[in-house]
Amino acid sequence: MSRILITSALPYINGVKHMGNLAGSMLPADVYARAMRLLGHDVLYICATDEHGTPAELAASDAGMGVAEYCDTMHAAQAAAGADFKLSYDYFGRSSAPSNHALTQHFAHVLEAQDLIYEKVSKQVYSNADGRFLPDRYVEGTCPNCDFDAARGDQCDNCGKLLDPIDLINPYSAVSGSKDVEIRETNHLYLRQSALSDRLRAWVDASEGWPSLATSIARKWLDEGLRDRAITRDLSWGIPVTNPDGSRRAGFEDKVFYVWFDAPIAYIAATQDWAAKTGGDWQQWWKTDAGADDVQYVQFMGKDNVAFHTLSFPTSLIGSAEPWKLVDQLKAFNWVTWYGGKFSTSAKRGVFMDQAISIAPSDNWRWHLMANAPEGDDAAFTWEEFAVSVNSDLANVLGNFVNRITKYAAGKFDGKVPSGGTEGEDEAWITAELETRLPALIAHYEAREFRKAMEQTRAIWAAGNEYLTKAAPWTHYKTDVDAAAVGVRAGLNLVALFGIIAQPIIPDAAGKILNAMGIPENNRTWNFGDIPALLNALPEGHAVSAPDVLFSKIEDADITDWATKFGGGE
RNA sequence: GGUGGGGUAGCUCAGCUGGUUAGAGCGCAGGACUCAUAAUCCUGAGGUCGUGAGUUCAAGUCUCACUCUCACUACCA
């Protein structure tokens, strides 16, 4: 048994997340957490909402709410959406929690004591109309390079050139449209990432098992030369910048920490909150001098988060000179795209978690998104592919298998696991299949190769159908009931097994299957020691029932309807 | 502009350190079965592995050039 700490990149607070966000961090982390629990590991799965930053303030303003109130509302909405999708967080915290305030301030203090934080003045665009400094992307104007009149401050969408907002011609606020903007000097704290460049590179080089996506992004930044990063912002909502005695730092009364400085620290703070709530010991998971040295820490995130998790956050942890646990396995995903393009709320392209759950059960989404996880490259979501996943994989291969054998057992064997008969070459065949496929399945989960794990899961289900065709109990039944009993018994045991291996991915359907088969909760773990015995695991005479239809099929009319509502197909 | 992915059957994708006739699922064609959600099982057709050079006894796999595409590019998060 190992102790496995799992974190998912924190979903940002400014709205319910779309299916790409779900597929790239929270969902795979959940599937992995569930699989590892079934394998008997001690798992702690932590997530939280990421609540600070300019977009949160603007979204609150748009909603006509105060920021704190807005974040309360959206945190609850995201927690509900996570519950709808059966995300099995051990704790779903908030980056705005008091624990994170204290811990973020603590990190700033110890980093400054290590001479890794300094003050520096920079120029930033200030909007008088909005009464706030504008992040680069919130300043628009005419591109000095190509004269495009709606260039963003960081990059021109027309010519693609990287820009500095200070260079824009006729700049205006993207928030209000006001041209009453000026350039002001502002003083900020900077994290001296450059000083840790060599240690970070050595650490990245020593990593094993990370996707090349993760290491190559980290090395790219290191190769270009790590720049120091401002870790404070001119905002009111966020974590105040303090002195070690708790008072506000002089000159920083109107500033807070940058969201990307405090967000990853919230992984730890949320663990503290988990501990406070459950009586657990957070240090055992995060402090290497308190037991965390034997923790396997796995992070899940989209590729946009890699630099922060491989460079910035480790700078905070290593630079503190305190014994913090660093990530061991970093699983980075590409994007799920919408028919090859971007998700877009304004253009009604794409589905968000709250809408998705009203269209189809969470199991359907979980299966499809994991079977098509964007592991090697961006993966296109289409309604047509979604329907194939649900209809073919879930309804036809798994659902129909469960249905056909349980109904037959109910009709011919009184709904009981039959005894009698002797096993033959068909049973030897399916046993051999399981002996190669079950270990492969576990290996794929342990390696966090989700597409392969799903493929193997499906292959095991399909093997069940193949077995039934070979064993054909309905044929034997006419002449030799005992011979039929062998096939029905094996078939029912396969149903139970299929439910057991389905648990990480489709927990609802798996639960229905296992309940119908009368498998007690404590017998649902992944102990496949004696594989031949799996065909006779259910006691003979044990009563089983035929569950209701597990997966309804998606009709062409549904696809047409959804494509109209949410885009797609164009 | 820079950097990193990716371009493999109609579609979505596997193909580890180069090595016999390039794989899977879906789709398609034919057949089998009838327990089952017109489900399942079997067989088959389909690819000069983006383009052009090069290294090698041997390249989808390595090198170079070109091309298309996606992402990142540090104050969006």
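Because the structure is a prediction, the values reported are computed rather than measured. Convention: sequence-line order gives letters A, B, ...; per-chain numbering from 1.
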* Might you work through the ring pair (Phe, Tyr, Trp, His ring centres under 6.0 Å) test for Phe333(A) and Trp335(A), ending with a clear yes or no? => CA-CA 7 Å; Phe333(A) 287 88; Trp335(A) 302 128; over 10 Å; no
* **Distance, P atom - from A45(B) to A22(B), rounded to whole angstrom** => 13 Å
* **Side-chain heavy atoms of Asp393(A) within contact of Met454(A), under 4.5 Å** => no
* **C1'-based separation of C62(B) from G23(B) [nearest Å]** => 22 Å
* Asked: Atom OH of Tyr408(A) to atom P of C33(B): distance rounded to whole Å?
  -> 17 Å
* Asked: What's the CD1-P distance between Ile460(A) and G25(B), to the nearest Å?
  -> 15 Å
* **Expected output: side-chain Arg152(A) to main-chain Arg137(A) donor-acceptor under 3.5 Å** => no
* To do: Determine the contact category for Ala380(A): base if any of its heavy atoms lies under 4.0 Å from a base atom, sugar-phosphate if only primed atoms, P, OP1 or OP2 are that close, otherwise nothing.
  => sugar-phosphate
* When the distance from NZ of Lys412(A) to C1' of A36(B) is rounded to whole Å, what number comes out? -> 13 Å
* **Per-nucleotide protein contact string for nucleotides 39-45 of chain B (B base, S sugar-phosphate only, - none; heavy atom under 4.0 Å)** => SSSS---
* To do: Provide the distance between the two P atoms, one in U12(B) and one in A74(B), to the nearest whole Å.
  => 32 Å
* P spacing across the pair U43(B) / A24(B), given as an integer number of angstrom -> 10 Å
* **Interatomic distance at P, C64(B) relative to U21(B), whole Å** => 28 Å
* Contact pattern, 5' to 3', of nucleotides 71-77 of chain B - B, S or - by protein heavy atom under 4.0 Å -> SBBBBBB
* To do: Give Lys452(A) one of three labels, base, sugar-phosphate or nothing, depending on what nucleic acid heavy atoms sit under 4.0 Å from its own.
  => sugar-phosphate
* Asked: Does G60(B) adopt a syn or an anti glycosidic conformation, taking syn as a chi angle within 90° of 0?
  -> anti
* To do: Could you go through the ring pair (Phe, Tyr, Trp, His ring centres under 6.0 Å) check for His52(A) and Phe257(A) one step at a time?
  => CA-CA 9 Å; His52(A) 299 137; Phe257(A) 283 106; 9.9 Å; no
* **G54(B) - base-pair partner by Watson-Crick or wobble geometry, distances under 3.5 Å** => C62(B)
* **Separation of the P atoms in G7(B) and U63(B), to the nearest angstrom** => 15 Å
* Asked: Please give, in whole Å, the distance from G4(B) P to Trp210(A) CH2?
  -> 18 Å
* Would you indicate what Arg458(A) reaches in the nucleic acid, counting non-hydrogen atoms under 4.0 angstrom: base, sugar-phosphate, or nothing? => sugar-phosphate
* Round to the nearest Å and state the distance from Ile513(A) atom CD1 to U37(B) atom C1'. => 14 Å
* Is the shortest side-chain N/O distance from Arg451(A) to OP1 or OP2 of G25(B) below 4.0 Å? -> no
* Please determine which of Ile554(A), Asp556(A), Ile559(A) meets the side chain to side chain contact (heavy atoms under 4.5 Å, CB included) test together with Glu384(A). => Ile559(A)
* **Nearest-angstrom distance, P atom, C13(B) to G6(B)** => 13 Å
* Could you say whether Val549(A) or Asn372(A) is positioned toward the 5' end of RNA chain B, judged by the nucleotide with the nearest heavy atom to each? => Asn372(A)
* **Same-atom distance (P) from C26(B) to A71(B), integer angstrom** => 31 Å
* Quick one: does Arg448(A)'s side chain have a donor or acceptor within less than 3.5 Å of a partner on Glu446(A)'s backbone? -> yes
* To do: Taking the six-membered ring for Trp and the single ring otherwise, decide whether the centroids of Phe313(A) and Trp260(A) are under 6.0 Å apart.
  => no
* Considering residues at least two apart in sequence or located in another chain, which fulfil the side chain to side chain donor-acceptor pair (under 3.5 Å) criterion with Asn465(A)? -> Arg404(A)
* Asked: So, Glu57(A) side chain and Trp237(A) main chain: donor-acceptor pair closer than 3.5 Å or not?
  -> yes
* Asked: What is the base-pairing partner of U73(B), counting Watson-Crick and G-U wobble geometry with both distances under 3.5 Å?
  -> G1(B)
* **Ring centers of His309(A), Tyr267(A) separated by less than 6.0 Å** => yes
* Asked: What integer distance in Å separates Glu555(A):CD from A38(B):C1'?
  -> 12 Å
* **Given C33(B), U37(B), A24(B), the nucleotide with the shortest approach to the side chain of Trp474(A)** => C33(B)
* Asked: C33(B) C1' sits how many Å from Lys478(A) NZ, rounded?
  -> 10 Å
* Figure out the CD/P separation between Glu449(A) and A24(B), and round it to whole Å. => 20 Å
* Under 3.5 Å side-chain donor-acceptor pair for Glu182(A) and Tyr126(A) -> no
* Asked: So what's A24(B) paired with, Watson-Crick or G-U wobble, going by both distances under 3.5 Å?
  -> U12(B)
